[in-house]
Amino acid sequence: MRIILFGAPGVGKGTQAKILSSKLNIPHISTGDILRSAIEKKTHLGIEAKKLMDKGELVPDEIMVGIIRDTLKEERSKNGFILDGFPRTVAQAKELDRLLTELNMNPKKIVAVTTDEKEIIKRLTNRKACKNCNYILPLDEIKDNSCPNCGAKDSLYQRSDDKEEVIKKRLEIFNSTTKPVLDYYNENDKVIYVEGTGKIEEISERILSKLT
Ligand code: ADP
Ligand code: ZN
């Protein structure tokens, strides 16, 4: 199954993508994680991307399309995948359609996770991520800054783009530039809408029941 997981920053795409990835046994491809790993390794891409990400801005389409092209050509993408964080612009969505056709990777399912903006701001300002496995958890579930998912010690950190001013910018860009991607998909594909408020497991169940 090829799934495109769509939603605002902080809606829980990453969390849901990881669960779906293990239940459906297909890889989770997160462009945010790919970029953060480039930052960690201090590659040219990472250094350039960090400047934009820290301001809440998008990395240019050509770069992101190149990353996705390489990733979808990898062996692990052969039997399906969950895309998280891509496409984020209509231009990216169009390129992705072209790429999927070229690679004989149709059809796909588009899942849009929704929730209101207040909840999003609350979640983004109250979370930390694991440096080791990218797991995300709310501050009130953190005990000794070690990761409940992979067990790494002192591995939790607040993402540099989870600061209030940057969050505002990310939401602005989501509304102006990323939301139109859904209108684009609504023209040709069926978009599956899933309400993203509630318990993590309930939301995964909702998604899974609508996928099959
Ligand atoms: P979130 O969904 O919580 O905003 P991500 O981890 O998906 O976070 O992305 C973090 C940042 O990485 C984005 O704000 C953006 O700067 C960059 N980024 C990720 N995916 C893309 C993309 N498809 N196009 C452009 N920039 C991207
Ligand atoms: Zn971890």
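Numbering of ligands and ligand atoms starts at 1, following listing order.
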**Student:** Does any donor atom in the side chain of Tyr184 or Asp97 lie under 3.5 Å from an acceptor atom in the other side chain?
**Tutor:**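 Yes, side-chain donor-acceptor contact under 3.5 Å.
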**Student:** Counting only heavy atoms, tell me which of Arg36, Arg88, Arg123 gets closest to atom 4 (O) of ligand 1.
**Tutor:**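 Nearest option to atom 4 (O) of ligand 1, by heavy atoms: Arg88.
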**Student:** Can you report which non-hydrogen protein atom sits closest to atom 8 (O) of ligand 1, along with the distance?
**Tutor:**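 Going by distance alone, atom 8 (O) of ligand 1 is nearest to Arg159 NH2, 3.1 Å.
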**Student:** Testing Thr89, Leu35, Leu96 one by one against Met64 for a side-chain contact (heavy atoms from CB on, under 4.5 Å), which residue passes?
**Tutor:**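 Result: among Thr89, Leu35, Leu96, Leu35 is the only option passing the side-chain contact (heavy atoms from CB on, under 4.5 Å) with Met64.
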**Student:** If you take all heavy atoms of Gly46 and Ile39, which pair is closest and at what distance?
**Tutor:**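 Where Gly46 meets Ile39 most closely, the heavy atoms are O-CG1, 3.4 Å.
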**Student:** Does Ile4 belong to the same Ile/Leu/Val/Met/Phe/Trp/Tyr cluster as Ile34, with side-chain heavy atoms less than 4.5 Å apart forming each link?
**Tutor:**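 In one cluster: yes.
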**Student:** Please report the closest heavy-atom contact between Gly198 and Ile203, naming both atoms and the distance.
**Tutor:**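 Shortest heavy-atom separation between Gly198 and Ile203 comes out as O-CD1, 3.6 Å.
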**Student:** Looking only at the side chains, is there a donor atom on one of Ser155 and Asn132 sitting less than 3.5 Å from an acceptor on the other?
**Tutor:**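 Per modelled atom types, Ser155 and Asn132 side chains form no pair under 3.5 Å.
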**Student:** In this structure, which one of Val113, Leu211, Ile207, Ile3 forms a side-chain contact (heavy atoms from CB on, under 4.5 Å) with Ile192?
**Tutor:**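 Exactly one pass, corresponding to Leu211.
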**Student:** Please confirm whether Glu57 comes within less than 3.5 Å of ligand 1 when only nitrogen or oxygen atoms on both sides are compared.
**Tutor:**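 By distance alone, the answer is yes.
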**Student:** Could you find the nearest protein heavy atom to atom 11 (C) of ligand 1 and give me its residue, atom name and distance?
**Tutor:**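 Looking at atom 11 (C) of ligand 1, the protein heavy atom closest to it is Met53 CE, 3.7 Å.
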**Student:** Are Thr115 and Thr197 linked by a side-chain donor-acceptor pair shorter than 3.5 Å?
**Tutor:**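 Yes, a side-chain donor-acceptor pair sits under 3.5 Å.
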**Student:** Please report the shortest heavy-atom distance between Cys130 and Cys150, naming the atom on each side.
**Tutor:**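 That would be SG-SG, 3.8 Å.
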**Student:** I'd like to check which ligand 1 atoms, numbered from 1 as shown, lie under 4.0 Å from a non-hydrogen atom of Pro9.
**Tutor:**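 Here the atoms of ligand 1 in question are 1 (P), 2 (O), 3 (O), 4 (O).
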**Student:** Where is the nearest protein heavy atom to atom 23 (N) of ligand 1: which residue, which atom, and how far?
**Tutor:**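 Answer for atom 23 (N) of ligand 1: Gly85 O, 2.9 Å.
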**Student:** Among all protein heavy atoms, pick out the one at the shortest distance from atom 25 (C) of ligand 1; state its residue, atom name and that distance to 0.1 Å.
**Tutor:**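 Nearest neighbour among protein heavy atoms for atom 25 (C) of ligand 1, to 0.1 Å: Val59 O, 3.2 Å.
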**Student:** So which protein heavy atom does atom 3 (O) of ligand 1 come closest to, and at what separation?
**Tutor:**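 Going by distance alone, atom 3 (O) of ligand 1 is nearest to Arg170 NH2, 2.9 Å.
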**Student:** Please list the nearest protein heavy atom to atom 18 (N) of ligand 1 with its residue and the distance rounded to 0.1 Å.
**Tutor:**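 Ranking protein heavy atoms by distance from atom 18 (N) of ligand 1, first comes Leu35 CD1, 3.5 Å.
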**Student:** Can you name the one residue among Lys108, His28, Met105 that meets side-chain contact (heavy atoms from CB on, under 4.5 Å) with Phe81?
**Tutor:**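 Of the listed options, the one satisfying the test is Met105.
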**Student:** Which residue and atom name correspond to the protein heavy atom nearest atom 20 (N) of ligand 1, and how close is it?
**Tutor:**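 Among all protein heavy atoms, the one nearest atom 20 (N) of ligand 1 is Thr31 OG1, 2.8 Å.
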**Student:** Kindly compute the distance separating CG (Asn145) from CG (Asp154), expressed to the nearest 0.5 Å.
**Tutor:**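 Output value for this atom pair is 5.0 Å.
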**Student:** What are the atoms of ligand 1, with element, lying closer than 4.0 Å to any heavy atom of Arg127?
**Tutor:**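 Answer for ligand 1: 3 (O).
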**Student:** Checking a contact table here: which protein heavy atom is nearest atom 24 (N) of ligand 1, and how many Å away?
**Tutor:**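 Residue, atom and distance for the closest contact: Gln92 NE2, 2.9 Å.
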**Student:** Is any protein N, O or S atom closer than 2.8 Å to the Zn ion (ligand 2), and if so, which?
**Tutor:**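 Correct list: Cys130 SG, Cys133 SG, Cys147 SG, Cys150 SG.
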**Student:** Under the side-chain contact (heavy atoms from CB on, under 4.5 Å) criterion, do Thr101 and Asn106 qualify, and how do the steps go?
**Tutor:** CA-CA 6 Å; Thr101 305; Asn106 281 308; 3.4 Å; yes
